[in-house]
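Comments concern the structure below.
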Amino acid sequence: MTQKANLFKGKAKKKSIPPNRHGKAPVTRKGKRFVKPSKVTKEMDADREVSKFINHCNEIKAATLATKDGGQLGIIKPPLEQPSGAK
């Protein structure tokens with residue numbers, strides 16, 4: 001026989017009441033922040049270029065499959081970011 005009361009099969013943990021948010025949106029956790037490394041090596045640049053190429057190929061394959069099935073999917077490039085000082 002167990003001596004602890006919370007180890008019996010029928011015993012359920014009581015649910016806690018969530019705090020009242022008064023119409024505020026729930027907090028979304030974004031995960032760990034990306035911190036750029038202080039040293040950028042040639043290997044890191046090469047890996048980045050390879051991953052860009054692979055992503056581009058995957059996007060093209062997905063777009064062609066979607067258009068073959070009758071959908072309309074096109075690849076667009078994001079607009080170039082301007083420096084914060086210039087308008």
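Since this is a predicted model, take the numbers as computed values, not measurements.
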Sorted by chain and number, sequence neighbours left out, side-chain contact (heavy atoms from CB on, under 4.5 Å) with T41 holds for E43, M44
Sorted by chain and residue number, the side-chain contact (heavy atoms from CB on, under 4.5 Å) partners of D45 (sequence neighbours excluded) come out as V40, R48
The remaining residues in the hydrophobic cluster of V50, counting side-chain heavy-atom contacts under 4.5 Å among Ile, Leu, Val, Met, Phe, Trp and Tyr, are I54
